[in-house]
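Lettering of chains follows the sequences in order, A, B, ..., and the numbering in each one begins at 1.
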Number of protein chains: 2
Amino acid sequence: MAVPLYQTKAEFFRTLGHPARIRILELLSERDHAVHELLEQIAIEASNLSQQLAVLRRTSLVVSRREGNAVVYSISAPEVRDLLLSARQILAGLAATRTDFEDELVVPTRPSADR
Amino acid sequence: MAVPLYQTKAEFFRTLGHPARIRILELLSERDHAVHELLEQIAIEASNLSQQLAVLRRTSLVVSRREGNAVVYSISAPEVRDLLLSARQILAGLAATRTDFEDELVVPTRPSADR
DNA sequence: TCACAACATGAAGAATTCTTCACTTCATGT
DNA sequence: ACATGAAGTGAAGAATTCTTCATGTTGTGA
């Protein structure tokens, strides 16, 4: 293998490192979506969405097929679902830690409903 | 929550999206390491390593403590280990897919040992 | 107290990645 | 054949992220 594994891994994570791409993968891990369906859910320009889909296609994380007038995307590695879940858990854990830490350090103020 | 979840997730993955940071996390998921120990394993400049450690610290993925002359780092979320494993599997799957695909399309040539 | 080793940090230029724009392509309906 | 809706693409400037350099801190041992 010419490219070291940790380099490949880094690239993989980098392709996950974009809000639109995360949303796309989350939507696709529920079910296949046509591009115009994704567009309804994600608030970005059509051509930007195309660019992000291209990134995901390049890394083989998704595949597309044409269905008449529409192009339908699907996830190629179902394990991505687990990965996203796993990430959510870690994130929840870290958030909790940070909150605890604040609880310890921050001067207590009147509890506020919206923060 | 002011910041949407998928934004936070994207940031999380982006902090994983760097070869040095991946290696650091892999080393730390084996056991705690002092900075100079990490430096032995990873071929980057000391100050670069510090910068990457700072990135990981900012996102609370690692924590550091001083032990005499040295600073020792450890992983704060053990689940990171699973995540890295999970990524490795997906990557292996994708690589296999791509290889299969090549097997189908590419004109077979004499097998070569070094590619 | 000095000197040195181990780390950290701010700043700046280099390198990447994002977003948008102007087009192009492809399939369908008329 | 033409118009239209759906999607993709190359290019370019804006925005981020990397790497390195110079300098600053903090312990330890002489």
Side-chain angles (χ1 to χ4, degrees), chain A residues 3-4 6-25 27-28 31-76, chain B residues 3-4 6-25 27-28 31-76:
Chain A
V3 184
Y6 49 84
Q7 168 79 44
T8 308
K9 263 186 220 167
E11 277 163 26
F12 170 72
F13 282 121
R14 227 183 291 141
T15 79
L16 297 182
H18 187 287
R21 295 197 293 263
I22 289 283
R23 292 216 70 197
I24 293 169
L25 290 175
L27 290 168
L28 292 186
R31 61 170 179 79
D32 293 2
H33 281 72
V35 174
H36 66 267
E37 291 176 318
L38 293 173
L39 201 50
E40 281 171 22
Q41 305 291 321
I42 310 178
I44 59 178
E45 287 206 356
S47 68
N48 194 348
L49 179 56
S50 269
Q51 297 278 0
Q52 305 310 334
L53 286 171
V55 172
L56 293 174
R57 250 185 292 123
R58 260 174 241 135
T59 56
S60 304
L61 272 172
V62 304
V63 293
S64 66
R65 62 179 184 278
R66 175 145 229 143
E67 276 186 12
N69 213 355
V71 176
V72 177
Y73 278 80
S74 50
I75 291 235
S76 32
Chain B
V3 183
Y6 50 85
Q7 170 80 43
T8 309
K9 264 187 220 166
E11 277 164 25
F12 170 71
F13 283 122
R14 227 183 292 144
T15 78
L16 296 183
H18 188 287
R21 295 198 291 264
I22 289 283
R23 292 216 70 197
I24 292 169
L25 290 175
L27 290 168
L28 293 185
R31 62 170 178 78
D32 293 1
H33 281 72
V35 175
H36 67 268
E37 291 176 317
L38 293 172
L39 201 50
E40 279 171 23
Q41 305 291 320
I42 310 179
I44 58 177
E45 287 206 357
S47 68
N48 195 348
L49 179 56
S50 268
Q51 298 276 2
Q52 305 309 335
L53 286 170
V55 172
L56 293 174
R57 249 185 292 122
R58 260 174 241 135
T59 55
S60 305
L61 272 173
V62 305
V63 293
S64 66
R65 62 179 184 277
R66 176 143 228 145
E67 276 185 12
N69 214 353
V71 176
V72 177
Y73 278 81
S74 51
I75 291 236
S76 33

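Pair assignment for C/dT20 gives D/dA11, based on Watson-Crick or G-U wobble hydrogen-bonding distances that are each under 3.5 Å. Nucleotide C/dT30 has D/dA1 as its partner under the Watson-Crick or G-U criteria, with both atom distances under 3.5 Å.
Comparing D/dG8, D/dC18, C/dA8 against the side chain of A/R57 picks out D/dG8 as the nearest. Here C/dT9 is the nucleotide among D/dC18, C/dA27, C/dT9 with the atom lying nearest to any side-chain atom of B/S50. Comparing C/dT20, C/dT19, D/dG8 by their nearest atom to the side chain of A/L53 picks out D/dG8. Closest to the side chain of B/R14, out of D/dT9, D/dT17, D/dC18, is D/dT17. The A/A34 side chain lies nearest to D/dA7 when the options are C/dC7, D/dA7, D/dG5. With D/dT19, C/dT20, C/dT19 as the candidates, the nucleotide lying closest to the side chain of B/Q52 is D/dT19. Distance from the side chain of A/N69 is smallest to C/dT28 among C/dT28, C/dT20, D/dC21. Closest to the side chain of A/V35, from the set D/dT16, D/dA22, D/dG8, is D/dG8. Here the side chain of B/H18 is nearest to one of D/dT17, D/dT19, D/dG27, namely D/dT19.
When each of A/G68 and A/N48 is assigned the nucleotide of DNA chain C with its nearest heavy atom, A/N48 is the one assigned upstream, toward the 5' end. Across the interface with DNA chain D, nearest-nucleotide mapping of A/S47 and A/R66 shows A/R66 to be the residue nearer the 5′ end. Between A/A20 and B/Y73, the residue whose closest nucleotide on DNA chain C is further toward the 5' end is B/Y73.
Between the C1' atom of C/dC23 and the CD atom of A/E45 lies a distance of 15 Å, rounded to the nearest Å. In this entry the distance linking CD1 of A/I44 with P of C/dC21 reads 14 Å, nearest Å. Atom CZ of B/R65 is separated from atom C1' of D/dT26 by 18 Å (rounded to the nearest Å). Atoms CG (A/L16) and P (C/dC18) sit 12 Å apart, rounded to a whole Å. What separates CD of B/Q7 from P of D/dT16 is a distance of 11 Å, to the nearest Å. When the P atom of D/dT20 is taken as reference, atom CG of B/L49 falls 12 Å away, rounded to whole Å. Rounding to whole angstrom units, CD1 of residue A/I24 and C1' of C/dC18 are separated by 14 Å. B/H36 has its NE2 atom 12 Å from the P atom of C/dA8, to the nearest Å.
Contact annotation: side chain of A/Q51 to base of C/dT20, donor-acceptor pair present below 3.5 Å.
In this structure, B/R57 contributes its side chain and B/S64 its backbone to no donor-acceptor pair below 3.5 Å. Although no hydrogens or angles enter the test, the distance criterion places a donor-acceptor pair under 3.5 Å between the side chain of A/R21 and the main chain of A/T15. With hydrogens and angles ignored, the 3.5 Å screen pairs a side-chain donor or acceptor of A/R23 with a backbone N or O of A/Q41.
A heavy-atom distance below 4.5 Å is not found between the side chains of A/L28 and A/L56. The closest side-chain heavy-atom distance from B/L27 to B/I42 is below 4.5 Å.
Between A/V62 and A/L25, the shortest heavy-atom distance links the atoms CG1-CD2, 3.9 Å.
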